[in-house]
Undergrad: 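Pasting in a structure now, in structure tokens, and then I'll have a few things to ask.
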Amino acid sequence: MTQPVAPEKACFILNPKSGVRSAVSVPDLIAEHLDTARWEAELIPTQYAGHATELARQAAAAGARLVVAVGGDGTVNEVARGLKGTNTALGILPKGSGNGLARHLGIPMALPQALALLNQPTFHRIDSCSINGHPFFCTAGIGFDGLVSSVFALSTKRGLSSYVQLVVREFRNFKAEAATVSINGRDLSSDFFVVAFANASQYGNNAYIAPMANIQDGLMDVCLIRHVGVAEAIQLGYGLMTKQIAHSHLAEFHTCATVRVHCEVPQYYHADGEPMGQATEFEVQIEPQSLEVIASLEAKA
């Protein structure tokens with residue numbers, strides 16, 4: 001007679017303050033939709049910035065097969081940091097305003113459907129990256145998007161409309177600065193509006209900065225956007241939302257495993273939408289196949 005298989009441990013790390021759907025009762029959803037024959041669930045709320053990384057590391061060390069980030073891009077980043085290089089997989093219940101990595105991984109935005117994906121899991125290994133030692137799993141950037149991330153972090157308003165209003169306001173006063181991007185043995189110098197590094201294809205909210213990005217190919221996609229005016233900015237916005245930026249004359253793309261950037265004046269930068277401060281020197285690297293995830297990814301060619 002076949003012995004029943006014991007459920008594996010799944011730790012759900014919840015950011016109570018995350019995103020636009022904070023009123024949703026995650027414990028009730030887990031109780032209703034999670035397959036208890038597959039997973040033995042534990043739900044732990046975070047208490048401070050960086051706590052999710054500590055909790056994820058502890059869960060992995062204790063033998064959890066799965067750690068689920070319940071929150072937005074910041075929470076996902078923190079949990080993924082704690083799991084990188086382990087045999088514990090990352091799951092995501094998207095509860096933020098952007099959900100960039102979740103969208104790239106094909107995770108449903110509706111939480112019951114996201115839980116259903118965990119019940120019949122498909123495990124994949126994906127790449128991760130770092131910018132000046134700060135891990136990121138979706139995107140990072142220098143310049144205008146770094147500034148916007150810094151300002152948005154101080155805002156009490158969330159959601160796409162608030163973000164768009166902030167972008168328009170900050171664009172009016174932003175000045176592209178001189179920088180040199182050292183990539184694939186070449187030095188590219190210009191006044192750059194944005195230097196974006198894409199492990200995944202989008203920032204979030206289906207704004208695609210690198211539609212062709214493959215999160216499993218061991219390469220990052222680097223998007224260079226030089227100084228733009230109002231008309232060009234509108235074109236870029238349209239390109240982001242329609243995946244057409246890859247065909248725009250305003251954006252230049254490269255793929256690489258490492259890239260260095262030197263800026264003449266300090267530039268704001270972000271990692272997965274979280275502001276990292278300012279710097280003049282940047283080193284960005286990729287770590288292939290360094291994180292296991294539950295996802296709905298198309299098979300690699």
Side-chain angles (χ1 to χ4, degrees), residues 100 104 127-150 167 170-171 173-203 207-215 217-240 242-288:
H104 183 98
D127 306 330
S128 64
C129 304
S130 64
I131 179 168
N132 285 4
H134 301 286
F136 68 94
F137 305 87
C138 195
T139 60
I142 302 167
F144 183 68
D145 58 350
L147 171 64
V148 168
S149 295
S150 179
V167 167
E170 295 299 325
F171 176 80
N173 299 316
F174 183 79
K175 179 179 181 295
E177 298 288 352
T180 299
V181 179
S182 300
I183 186 169
N184 296 331
R186 299 173 60 197
D187 287 344
L188 306 174
S189 297
S190 185
D191 291 346
F192 287 106
F193 179 67
V194 164
V195 180
F197 311 97
N199 187 40
S201 59
Q202 63 169 279
Y203 288 128
Y208 290 87
I209 185 64
M212 72 295 286
N214 182 337
I215 204 166
D217 65 355
L219 297 170
M220 74 182 87
D221 287 62
V222 181
C223 175
L224 307 179
I225 301 175
R226 291 169 172 79
H227 179 70
V228 296
V230 174
E232 291 86 357
I234 293 172
Q235 291 180 46
L236 285 171
Y238 177 80
L240 285 170
T242 61
K243 297 187 180 181
Q244 295 303 306
I245 190 170
H247 306 294
S248 171
H249 69 281
L250 300 171
E252 176 183 332
F253 288 89
H254 302 264
T255 57
C256 65
T258 62
V259 58
R260 290 180 173 83
V261 181
H262 167 75
C263 301
E264 295 299 324
V265 299
Q267 293 289 295
Y268 287 98
Y269 69 110
H270 76 91
D272 283 344
E274 297 297 310
M276 295 292 131
Q278 292 179 285
T280 56
E281 302 290 336
F282 300 90
E283 183 172 358
V284 189
Q285 300 176 316
I286 197 163
E287 296 181 51

Undergrad: Let's go through T139 and H270 carefully: what are the C-alpha distance in whole Å and the side-chain angles of both, what is the deciding distance for side-chain contact (heavy atoms from CB on, under 4.5 Å) to 0.1 Å, and is it a yes or a no?
TA: CA-CA 8 Å; T139 60; H270 76 91; 3.9 Å; yes
Undergrad: With the side chain counted from C-beta on, respond yes when S190 and L188 share a heavy-atom pair under 4.5 Å apart, and no when they do not.
TA: no
Undergrad: Answer yes or no: is there a side-chain heavy-atom contact under 4.5 Å between N214 and L219?
TA: no
Undergrad: Write down the atom of A271, the atom of A140, and the distance for their closest heavy-atom approach.
TA: CA-CB, 4.1 Å
Undergrad: Hey, what do you get for CZ (F136) to CD (E274), rounding to the nearest 0.5 Å?
TA: 14.0 Å
Undergrad: Applying side-chain contact (heavy atoms from CB on, under 4.5 Å), run through Y269 and N132 and close with a yes or a no.
TA: CA-CA 10 Å; Y269 69 110; N132 285 4; 3.9 Å; yes
Undergrad: Between S201 and H104, does any side-chain donor sit less than 3.5 Å from a side-chain acceptor?
TA: yes
Undergrad: Do the non-hydrogen side-chain atoms of L250 and F193 ever get within less than 4.5 Å of each other?
TA: no
Undergrad: Flag yes if more than 12 heavy atoms outside H262 fall under 6.0 Å of its NE2 atom; otherwise flag no.
TA: yes
Undergrad: Scan residues 275-288 for pairs that pass salt bridge (charged side-chain N to carboxylate O under 4.0 Å, His left out), counting only residues two or more places apart or in two chains.
TA: K84-E287, R260-E283
Undergrad: Check each of S130, C129, S128 against Q285 using the side-chain contact (heavy atoms from CB on, under 4.5 Å) test, and report the only one that passes.
TA: S130
Undergrad: On a heavy-atom basis, which atom in A198 and which in I209 lie closest, and how many Å separate them?
TA: CB-CG2, 4.3 Å
Undergrad: Is there a donor-acceptor contact under 3.5 Å from the side chain of H254 to the main chain of V222?
TA: no
Undergrad: In the structure I gave you, are the side-chain heavy atoms of V148 and F144 within less than 4.5 Å of one another anywhere?
TA: yes
Undergrad: Give me the atom names and distance for the closest heavy-atom approach of T255 to D221.
TA: CG2-OD2, 3.7 Å
Undergrad: Taking atom CZ of F137 and atom CG of D127, what is their separation to the nearest 0.5 Å?
TA: 11.0 Å
Undergrad: So, for K243 and P211, which heavy atoms are closest and what is the spacing to 0.1 Å?
TA: O-CG, 3.6 Å
Undergrad: Considering residues at least two apart in sequence or located in another chain, which fulfil the ring pair (Phe, Tyr, Trp, His ring centres under 6.0 Å) criterion with Y268?
TA: none
Undergrad: When rounded to the nearest 0.5 angstrom, what is the spacing between CD in E264 and CG in D191?
TA: 9.5 Å
Undergrad: Do I142 and F197 touch side chain to side chain, with heavy atoms closer than 4.5 Å?
TA: yes
Undergrad: Can you name the nearest heavy-atom pair linking V259 to V181, along with the distance?
TA: CG2-CG1, 3.7 Å
Undergrad: Taking side chain as C-beta onward, heavy atoms only, is Q267 less than 4.5 Å from F192?
TA: no
Undergrad: Give, for atom CD of E232 and atom OG of S248, the distance between the pair rounded to the nearest 0.5 Å.
TA: 9.5 Å
Undergrad: Main chain of M220, side chain of N199: is a donor-acceptor contact present, judged purely on distance under 3.5 Å?
TA: no
Undergrad: Considering non-hydrogen atoms only, spot the tightest contact between V261 and C263 and give its length.
TA: CG1-SG, 3.9 Å
Undergrad: Taking the side chain as every heavy atom from C-beta outward, state whether H134 and D272 have any atom pair closer than 4.5 Å.
TA: no
